[in-house]
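Right, one structure below, let's go through it.
Hydrogens, waters and symmetry mates play no part in the numbers below; they use all other heavy atoms, side chains included.
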Amino acid sequence: MKVILGIDPGLASTGYGVIHCSGSRFRCITHGTVRTSPKEGMGERLVKIHQGIMDIITTYDPEEAGIETVYFSKNSRSAIPVAQARGVVLYTLATRGVPFAEYTPLELKQAVVGNGRAEKIQVQKVLKMIFNLKELPAPDHAADALAAAFCHANFSGFRSHLTDSGTRHV
């Protein structure tokens, strides 16, 4: 059984989701957000994100991680703060030796729903079914992080199958 961490980086709210996967069976262990306040200084906010992700790694000991890439079509003003939060997340994973891969929002939706143009509510409904949750995963950032973990579980499983069968993955 493999433990995978999914992360949706953000400055105000960094989503996380931790899943167990065994073959084609998936179980959600936890999901939520690491929140920061705009009243805090930038340094304090980044430290809080770092510490939150460190705590999750320490508690759940993930073997790998999937991260949603930063995407900006409407609000480019938030690009730099989100990129800074993303940098802290990547740094935290690297210092703890957790290998990771990044996935676009389109790839996450494709992996979960089968349609890269799916609406967020569709993704949440399918995640609820996949993980047999009582409620829709929320908030949005936590749902996106679960989608990143699920997407990574499927892609990493495919890559290991290629490696196991002697096919070289480039």
Side-chain angles (χ1 to χ4, degrees), residues 1-10 12-35 48-71 85-86 88-165 167 169:
M1 194 173 272
K2 185 183 279 192
V3 177
I4 297 179
L5 170 62
I7 301 177
D8 177 20
S13 180
T14 291
Y16 64 87
V18 180
I19 67 170
H20 275 166
C21 62
S22 179
S24 61
R25 288 187 296 227
F26 302 92
R27 185 169 56 93
C28 175
I29 304 306
T30 189
H31 64 283
T33 57
V34 176
R35 295 190 165 288
K48 190 176 271 187
I49 292 166
H50 168 72
Q51 190 58 56
I53 299 301
M54 286 286 285
D55 290 347
I56 292 161
I57 292 170
T58 299
T59 301
Y60 299 102
D61 195 25
E63 296 171 50
E64 299 175 9
I67 302 168
E68 182 174 11
T69 58
V70 180
Y71 173 74
R86 180 179 169 277
V88 166
V89 167
L90 297 179
Y91 169 80
T92 304
L93 292 169
T95 59
R96 289 299 303 266
V98 179
F100 61 87
E102 298 179 81
Y103 304 96
T104 67
L106 189 133
E107 289 172 319
L108 297 182
K109 292 174 182 179
Q110 181 71 37
V112 174
V113 179
N115 175 359
R117 304 280 181 228
E119 298 293 323
K120 278 197 179 279
I121 190 69
Q122 291 173 292
V123 173
Q124 288 173 299
K125 286 179 179 180
V126 173
L127 287 170
K128 180 183 176 203
M129 290 183 340
I130 290 168
F131 294 115
N132 196 25
L133 301 172
K134 292 179 182 176
E135 299 178 2
L136 293 177
D140 287 351
H141 293 291
D144 291 346
L146 276 178
F150 177 75
C151 180
H152 185 75
N154 283 299
F155 278 108
S156 68
F158 178 71
R159 283 192 299 269
S160 70
H161 175 71
L162 289 178
T163 303
D164 293 344
S165 67
T167 305
H169 178 70

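Among residue pairs with one or both ends in residues 94-120, those qualifying as salt bridge (Lys or Arg N to Asp or Glu O under 4.0 Å) are Arg86-Glu102, Lys120-Asp144; sequence neighbours excluded.
Rounding to the nearest 0.5 angstrom, the gap separating the CG atom in Asp61 from the CG atom in Leu5 is 11.0 Å. To the nearest 0.5 angstrom, Thr92 atom OG1 is 4.5 Å from His50 atom NE2. Between atom NE2 of residue His31 and atom NE2 of residue His141 there is a gap of 13.5 Å, rounded to the nearest 0.5 Å. Annotation: the span from Phe26 atom CZ to Asn154 atom CG amounts to 4.5 Å, rounded to 0.5 Å. Residue Met1 holds its CE atom at 7.0 Å from CZ of Arg25, rounded to the nearest 0.5 Å. Atom CG of Asp140 is separated from atom CD1 of Ile121 by 8.5 Å, given to the nearest 0.5 angstrom.
The two atoms that bring Thr69 and Pro105 nearest to each other are OG1-CD, 3.8 Å, heavy atoms only. When all heavy atoms are compared, the tightest approach of Ala85 to Ile49 is CB-CD1, 3.8 Å. The two residues Cys21 and Ile4 make their nearest non-hydrogen contact at SG-CD1, 3.8 Å. Contact between Gly6 and Ala148 at its shortest, heavy atoms only, is CA-CB, 4.2 Å. Closest non-hydrogen pair, Glu64 versus Lys2, comes out as OE2-NZ, 3.1 Å. Here the shortest heavy-atom pairing between Val112 and Ala147 reads CG2-CB, 3.8 Å.
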Step-by-step side-chain contact (heavy atoms from CB on, under 4.5 Å) determination, Leu93 to Ile67: CA-CA 11 Å; Leu93 292 169; Ile67 302 168; 3.4 Å; yes
Steps toward side-chain contact (heavy atoms from CB on, under 4.5 Å) verdict (Val98, Ile57): CA-CA 9 Å; Val98 179; Ile57 292 170; 4.2 Å; yes
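The only member of Ile7, Thr58, Leu90, Val88 that meets side-chain contact (heavy atoms from CB on, under 4.5 Å) when paired with Ile53 is Ile7.
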Below 3.5 Å, can you tabulate the donor-acceptor pairs from side chains in residues 124-135 to any protein atom, sequence neighbours excluded?
residue	atom	partner	partner atom	Å
Gln124	NE2	Pro137	O	2.8

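In this model, a donor atom of one side chain and an acceptor atom of the other lie less than 3.5 Å apart for Tyr103 and His152.
Using modelled atom types, one side-chain atom of Gln110 and one backbone atom of Gly116 make a donor-acceptor pair closer than 3.5 Å.
Using a 4.5 Å heavy-atom threshold, the side chains of Ile29 and Val3 count as separate. In this structure, Tyr16 and Thr30 have side chains that are in contact, with non-hydrogen atoms separated by less than 4.5 Å.
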